[in-house]
Structures are given as structure tokens and as C-alpha cells.
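Both ligands and their constituent atoms are indexed starting at 1 by order of listing. Quick note: numbers below take in every heavy atom, side chains included, and nothing from hydrogens, waters or symmetry partners.
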Amino acid sequence: MNANLASIMPQVIAVWCEEAGHDVTFVVYTGFEDLATALPANTDVLFIGAFSESAQLSYAISNMYRQRGTVTVLGGPHARCYPEDATRYFDYVLGFTDKSLIVDVLNDHAQHRPVGVMVASAKQPSALPGVRARWKFVAETLAKAPTIKIVPMLASIGCPYTCSFCIDSTVDYHAFEVDEMRQDLRFLQQVMPKPRVAWHDPNFGVRFDETLSAIEDAVQPGAVQFISESSLSLLGEDRLPRLRKNGFMAILPGVESWFALGNKAKTGKHVGLEKVKQVSDHLNAVMRYIPYVQANFVLGLDSDEGPEPFELTKRFLDMTPGVFPGYSLMSAFGRAAPLNLELQRAGRVLPFPHHFLNNNSAMNVKPKNYSWTDFYSRVVDLTRYSFSWRSVGRRFKHTRGAIPKWMNVVRAVSSEGHGRTKYYTHVRHLLDTDLTVRRYFDGETDTLPAFFTNRIKSDLGPFWDHLPEGALKHDANAYLHAEQSSTAPVAIATPGRARTPKASA
Ligand code: B12
Ligand code: SF4
């Protein structure tokens, strides 16, 4: 993982473990470290934070360390989304995590095998150690980033909106103490010459005035540069000058679809071309103030049908040439969202190994209104259009500033732009030529086609040999099965500690 994209929570866990009196070794795995030697041989407890795309890697690492007697704990998006599967490979699988939960796990530190325990705090923590407390671990992480170094911060957690496909649709919005934020920003300016901060808030600026005032108190205009993900509804034209003045360099709003989620884009009931025009005008205005704008779209939502959604996105790109488009193939990340239960009930979720669940390597939901071949043809066409030299040139021309201009070019010609077009084109070709692929996509078999198995093998490299038996397969409907079965350990969502670890043996 690029060190600039690393999560806050592993740094938080490291702080809490030290506060509880433990010796901590913190490792950011960027793909180059030798994990066999990076941790002390006598490690008692190993915490791993992983997205689902790193699930198989995390299972292999856990296996390596469990064989040495280490107790292993998984936390992060994969643990929240696929806890049942993760308990097959970890002693503890953590959902929402606060300090007291970590202390409980450390006190217990027992091997729970063959099936680990799922534990979670009742809700998201109301406060987390800030940058000052995490600095040692932030600095270790940033030492691995090339020239540009980005510090991750959080001003809030959860979201007031309820987009049914999103993990935060059921998590209440909670803003952290602004005073803590002020102090962190002052501290950062003492330890870094011109800090860059990425807000990891699911939806930054819900409490716009309060948050911006705190920034203004602590930072001279422009002394710190900021990046954030905010919904369009929060980016009214009256707020843009203030964001510019305070050094906001990049904003990543979610448009998602031309036919749904109008409240989030502040387009109300307008759909189709009307929404395109409105969002395009809005984002062109945003670009007059903020140099880098990425608009995020989800492809394959149930609200979309026929060629129009794709053609409208092309139209949008023509009308908004400076914006970088971020595409996600609709994905159901296990327990992440209420919508997933419906999709599992309808038999539409495919068992693609987690390794491919990163919104582009595979789409694990059968589209409602498209055949696979039609869908992939349209995805190929749209990505080709978006990263064609014509679009790249127009984006370059309509973006201000050297870094934003070149970042767009690099992203377009890298694995993200041209690389994805090539990958989607290949998958589209396999749908025509490889019956094992077609039958897997159609849900007629759960035998993973050789193309995908070989890809995991090559991605995991030496870790492939440590992958536990059966780790490429999971129950794609585990969420539904747990809801239906009274005996299933539905731990994560219940109030209070879901399943308290035994007292220390
Ligand atoms: C900020 C963010 C990013 C940032 C920062 C990424 C990062 N490394 O943290 C950026 C923009 C870089 C990013 C990129 C991606 N993201 Co993102 N991102 C988020 C977002 C909006 C917030 C996450 C966050 O920090 N929340 C605040 C923390 C405090 O809360 P939390 O994550 O719920 O964590 C709690 C527990 O899980 C636990 N915990 C968390 N980590 C750990 C670690 C340990 C060791 C322990 C014990 C506990 C623990 O403690 C926390 C407190 O209760 C979430 C959506 C969301 N609202 O959660 C998506 C989300 C995490 N991202 C997602 C995805 C798919 C991606 C990408 C693959 C998208 C893409 N195609 O590029 C990439 C992959 C990045 C990578 N591998 O590094 C998915 C993950 C689904 C999954 N099961 O894997 C999510 C859930 C969005 C979604 N689609 O629903 N992302
Ligand atoms: S606005 Fe963004 S963070 Fe909030 S529920 Fe919708 S998708 Fe999730």
C-alpha cells in the first residue's frame, strides 16, 4: 500500500498498546518489507489492519505468525465486512474498536482456534488519539512515502446521509472535539515545513463552519494544504472561497449515479441530462477555487439501465473537462451495508475471493439491468473514453497548477487509467472465450477460473505458500445466513461488548 494512503487506526492501536504498557513494533507493509523478519521473533500479539483486497495476504501473514505461537487480531474494513470468514484465520476479529476493547484483548491474549472470536465495542469511539499522540507512528509511515508526504487526520466519524450501498449509512455522524484538531494542526506546523493533510472523514465538513473556524484559528491561510472527501451538497458556492483561502487543494465528491442519490449531489429530483448539467455547472464552479477535483461514480447500480448512464458520463466529461473521474464497479462488501442483505437474498452476490474486492478487479454483484457482456463492453468504452489522449489533453489544459496537471496525466496512463481499460478489455474477452469465466460470472459454478487464481498467486508472491487451506473461498451470503440463524454469532451490531474474551489464562 502506498504509505500516503495508510490508515489512521493501526497508528491508534499502537498508541493504545503503548499506553497499556506494552512494547510495540509498528510496521507499515508497502509490499517491500520482509515480514518474516520485520517483527520481533517473540511477538505475543500481532494486530493486522486490512481492507478486503488484502484479506488473503492478511490470512497468509496470520498463518505464518500463528505457527510461531503468536496470537493474531484482525481489524479494519475486512474485519467489519467479513467477520465470520476472518475468524477462520485469526484468534480475534474486531469490529468497532475502542481503547477498552484493545485492553481486553491484550489481557486475554489467548489462542482461539480453530475458530476465533468476534468482538466489537457498541459504537464508534467518540475520540481518538490525534496527530501529536500518533506522531511517532505517522513519521515512521511517512518515511516510506516518496517526495510528497500526506498526514492522515479525522475530524468526524459516520455520516448523516443514508446511501444504502455505503458502510456509513447506518453509522451516526459524530464530530470530534475541534480543540484537539486545532492543537494537532499547530503541532504539525512545528514538525513539518509545509504540511499536507488528508481528512479521512467519510464526509468532511458536515459541520462546515465549526470545522473551518478551527482550521482558521490554528493555520495561517495556505500554510497547510488539505485534501478531503465531501458530498456535493456540502460544497455550496458560498463556501468555496473559504475553502480556497484555507488551502484546500483537492476535493473528491461522490456523484455516484445520474439516476439516483440526488440528495447527496444537491440535485434533488433532477435525473439524467438535467442532473448532468447541474453537477457539471457545480463542479466547474468548484474548479475555479480548488485545483484538483475527482468525481466518483459507481457503475452498475440498480437505478441504471441501458446505454444512457454511460453516455451521460461521457457527456459530463466533455462538459467538465478538468475533473478526474473515479469509477467503482458496484460491490457488496459483506456486512458493510443494508443493501447487501437484499442482494444476498436475491442471489445476486458472487463469491469472488476478497482479493478482487477493491471496486475494480471484480464486480461481485450481478447487475440488475445488464448482461455481463453488455456491462463490461460499456465499462471498457467509458474508461477508454475517459483516459483517451483527447480527454487527458483536455484535462491537462483545464486544470490549474503543475502538480494537479501532472497527477492527472500520471493517473491516466498508470494502472488506474490505461491499466484498468486493458484489464476490463481482457475480462470482456474472457467472457466470450472462456466458458469457466462465463459460468462463474453467471453463478453456475463456484470453481474459480484459472485466470483469477493465477492472478492471486502472482500478487501474493512468496505469501502464496502460507495461504491456509480453503482461504480462497468464503460464504458470499454469510451476512444473510447469520441473520437467518439464531445460533450464528451475530456479534458486531449488538449493543454492549458483543462477546467478551475470557479472563486471562
Ligand atoms: C478514508 C477512506 C479511504 C482513504 C484512506 C484509506 C485508509 N487506508 O484508511 C483512501 C481515499 C486512501 C481510501 C482508499 C480506498 N478505499 Co476507502 N475508505 C475510506 C473511508 C471513507 C473511511 C475509513 C476511515 O478511516 N474511517 C474512520 C475509522 C476510524 O473508522 P473505521 O474505518 O470504521 O474503523 C473502525 C474499525 O474498523 C476499527 N479498525 C479500523 N482499522 C483497524 C485496524 C486494527 C488493527 C484494528 C484492531 C481495528 C481497526 O476501528 C475503527 C474504530 O471503530 C471508508 C468508508 C467508511 N465510511 O468507513 C472507505 C472504505 C474503507 N474504503 C473502501 C475501499 C474499497 C477503498 C479502495 C479499495 C477504493 C479503490 N478502489 O481505490 C481504496 C483502497 C485503499 C488501500 N488499500 O489503502 C471500502 C472498504 C471495503 C472493504 N471491505 O475492503 C470502504 C469501507 C468504503 C466502501 N466502499 O464501503 N479509502
Ligand atoms: S454521503 Fe458518502 S459517506 Fe455518507 S452515506 Fe452517502 S456514500 Fe456514505
Side-chain angles (χ1 to χ4, degrees), residues 1-14 16-17 28 30 45-55 57-58 72-83 86 90 92-99 101-102 105 119-126 128 141 150 152-154 156-171 173 176 198-204 206 227-234 250 252-254 256 261 263-265 294 296 298 326-337 339-340 354-355 357-361 416 420 492:
M1 188 211 287
N2 182 328
N4 275 324
L5 307 181
S7 308
I8 288 176
M9 273 314 284
Q11 302 169 356
V12 167
I13 305 291
W16 285 339
C17 289
V28 184
T30 60
V45 183
L46 172 62
F47 289 89
I48 298 182
F51 280 57
S52 289
E53 64 173 346
S54 336
L57 176 64
S58 76
T72 63
V73 186
L74 182 75
H78 186 64
R80 269 185 70 189
C81 296
Y82 294 97
F90 282 83
Y92 298 88
V93 176
L94 273 49
F96 289 151
T97 303
D98 58 15
K99 186 173 174 183
L101 179 60
I102 293 297
V105 169
V119 279
S121 44
K123 55 184 180 58
Q124 288 282 34
S126 51
L128 289 172
T141 308
I150 302 174
M153 283 182 71
L154 266 179
S156 65
I157 217 156
C159 181
Y161 294 93
T162 54
C163 314
S164 60
F165 60 84
C166 174
I167 196 165
D168 261 327
S169 56
T170 52
V171 181
Y173 175 77
F176 290 151
W199 295 104
H200 278 196
D201 303 44
N203 198 350
F204 178 81
V206 170
I227 302 170
S228 73
E229 280 186 55
S230 304
S231 53
L232 267 180
S233 56
L234 300 176
L252 295 81
E256 325 301 7
L261 303 162
N263 60 338
K264 200 180 155 187
Q294 171 177 321
N296 291 328
V298 181
Y327 300 122
S328 292
L329 304 187
M330 185 186 164
S331 305
F333 290 102
R335 283 173 174 273
L339 177 70
N340 297 356
H354 306 114
H355 185 76
L357 301 188
N358 58 8
N359 291 332
N360 60 78
S361 298
E416 199 178 344
R420 274 189 205 163
I492 307 297

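- A heavy-atom distance below 4.5 Å is not found between the side chains of Arg420 and Tyr327.
- The shortest side-chain heavy-atom distance between Ser58 and Phe90 falls under the 4.5 Å cut-off.
- Taking all atoms of both residues into account, the shortest heavy-atom contact from His200 to Leu154 is C-CD2, 3.5 Å.
- Side-chain atoms of Met9 and Leu94, non-hydrogen and from C-beta on, never get closer than 4.5 Å to each other.
- In this structure, Asn340 contributes its side chain and Gly334 its backbone to a donor-acceptor pair below 3.5 Å.
- Contact annotation: for Leu5 versus ligand 1, heavy atoms closer than 4.0 Å belong to both the backbone and the side chain.
- Interface of Ile48 with ligand 1, defined as ligand atoms under 4.0 Å from a residue heavy atom, comprises 45 (C).
- Side chains of Asn358 and Phe51 form no contact here, defined as non-hydrogen atoms less than 4.5 Å apart.
- Heavy atoms from both the backbone and the side chain of Phe51 come within less than 4.0 Å of ligand 1.
- With a 4.0 Å heavy-atom cut-off, ligand 1 is reached by no atom of Ile8.
- Near Ala6, meaning under 4.0 Å from any of its heavy atoms, are these atoms of ligand 1: 8 (N).
- Metal site remark for atom 8 (Fe) of ligand 2: Cys166 contributes an N, O or S atom at a distance under 2.8 Å.
- Taking every heavy atom of Asn360 and a limit of under 4.0 angstrom, the matching atoms of ligand 1 come to 71 (N).
- Contact annotation: Gly95 has at least one heavy atom less than 4.0 Å from an atom of ligand 1.
- A distance-only check finds a donor-acceptor pair linking the side chain of Thr97 to the backbone of Gly95 [under 3.5 Å].
- With Gly75, Ser328, Ser361, Pro10 as candidates, the residue nearest to atom 48 (C) of ligand 1 on a non-hydrogen basis is Gly75.
- Of all atoms in ligand 1, numbered sequentially from 1 with element shown, those under 4.0 Å from a heavy atom of Leu94 are 47 (C).
- Atom 53 (O) of ligand 1 has Gln124 OE1, 2.5 Å as its closest protein atom, hydrogens excluded (heavy atom only).
- No donor-acceptor pair under 3.5 Å is formed between the side chain of Asn203 and the backbone N or O of Val206.
- Under 4.0 angstrom from ligand 2, the non-hydrogen atoms of Cys163 come from both its backbone and its side chain.
- For atom 59 (C) of ligand 1, the protein comes within 4.0 Å by no heavy atom at all.
- No side-chain donor-acceptor contact under 3.5 Å links Asp98 to the backbone of Phe96.
- Close approach of ligand 1 to Thr97 is summarised as follows: ligand atoms under 4.0 Å from at least one heavy atom of the residue are 38 (C), 48 (C), 50 (O), 52 (C), 53 (O).
- Annotation: side-chain hydrogen bond (donor to acceptor under 3.5 Å, both in side chains) contacts of Ser164 (sequence neighbours excluded): none.
- Protein heavy atoms are absent from the space less than 4.0 angstrom from atom 26 (N) of ligand 1.
- Between His354 and His78, the ring planes are perpendicular. Angles over 60° get that label, and only those under 30° would be called parallel.
- Less than 4.0 angstrom separates some heavy atom of Glu229 from each of these atoms of ligand 1: 11 (C).
- Atoms of ligand 2 found under 4.0 Å from any heavy atom of Asn203 (numbered from 1 in listed order, with element): 1 (S).
- Backbone and side-chain nitrogen or oxygen atoms of Glu53 are examined, and one is located within less than 3.5 angstrom of a nitrogen or oxygen of ligand 1.
- Contact annotation for Cys81 and ligand 1: only side-chain heavy atoms (C-beta onward) come within less than 4.0 Å of the ligand.
- Not a single protein heavy atom sits closer than 4.0 Å to atom 72 (O) of ligand 1.
- Distance remark: protein heavy atom not present below 4.0 angstrom from atom 14 (C) of ligand 1.
- Of all the atoms in ligand 2, the ones that sit under 4.0 Å from a non-hydrogen atom of Pro202 are 3 (S).
- Ligand 1 is never approached by Cys166 to a heavy-atom distance shorter than 4.0 Å.
- Ile167 has its side chain within reach of Cys81: a pair of non-hydrogen atoms, C-beta onward, lies under 4.5 Å apart.
- Taking distance alone, with nitrogen or oxygen atoms compared against 3.5 Å, Arg420 stays at or beyond that limit from ligand 1.
- At a distance under 4.0 Å, a protein heavy atom can be found next to atom 45 (C) of ligand 1.
- Using a 4.5 Å heavy-atom threshold, the side chains of Asp168 and Ile157 count as separate.
- Distances between N or O atoms of Val73 and those of ligand 1 include no value under 3.5 Å.
- Within a 4.0 Å radius of atom 32 (O) of ligand 1, the protein contributes no non-hydrogen atoms.
- Of all atoms in ligand 1, listed by their number and element, those nearer than 4.0 Å to a heavy atom of Leu154 are 27 (C), 29 (C).
- When atom types are taken as modelled, the side chain of Ser230 and the backbone of Phe204 share a donor-acceptor pair closer than 3.5 angstrom.
- Interface of Arg80 with ligand 1, defined as ligand atoms under 4.0 Å from a residue heavy atom, comprises 31 (P), 33 (O), 37 (O).
- For the pair Cys166/Tyr161, no side-chain contact is recorded, criterion being any heavy-atom separation below 4.5 Å from C-beta on.
- With hydrogens left out, the protein atom closest to atom 87 (C) of ligand 1 is Ile167 CG2, 4.7 Å, a heavy atom.
- Using a 4.0 Å threshold on non-hydrogen atoms, atom 1 (C) of ligand 1 counts as touching the protein.
- Although no hydrogens or angles enter the test, the distance criterion places no donor-acceptor pair under 3.5 Å between the side chain of Ser328 and the main chain of Gly326.
- Shortest non-hydrogen contact noted between Ala86 and Leu74 is CB-CD2, 3.6 Å.
- Using a 4.0 Å threshold on non-hydrogen atoms, atom 85 (C) of ligand 1 does not count as touching the protein.
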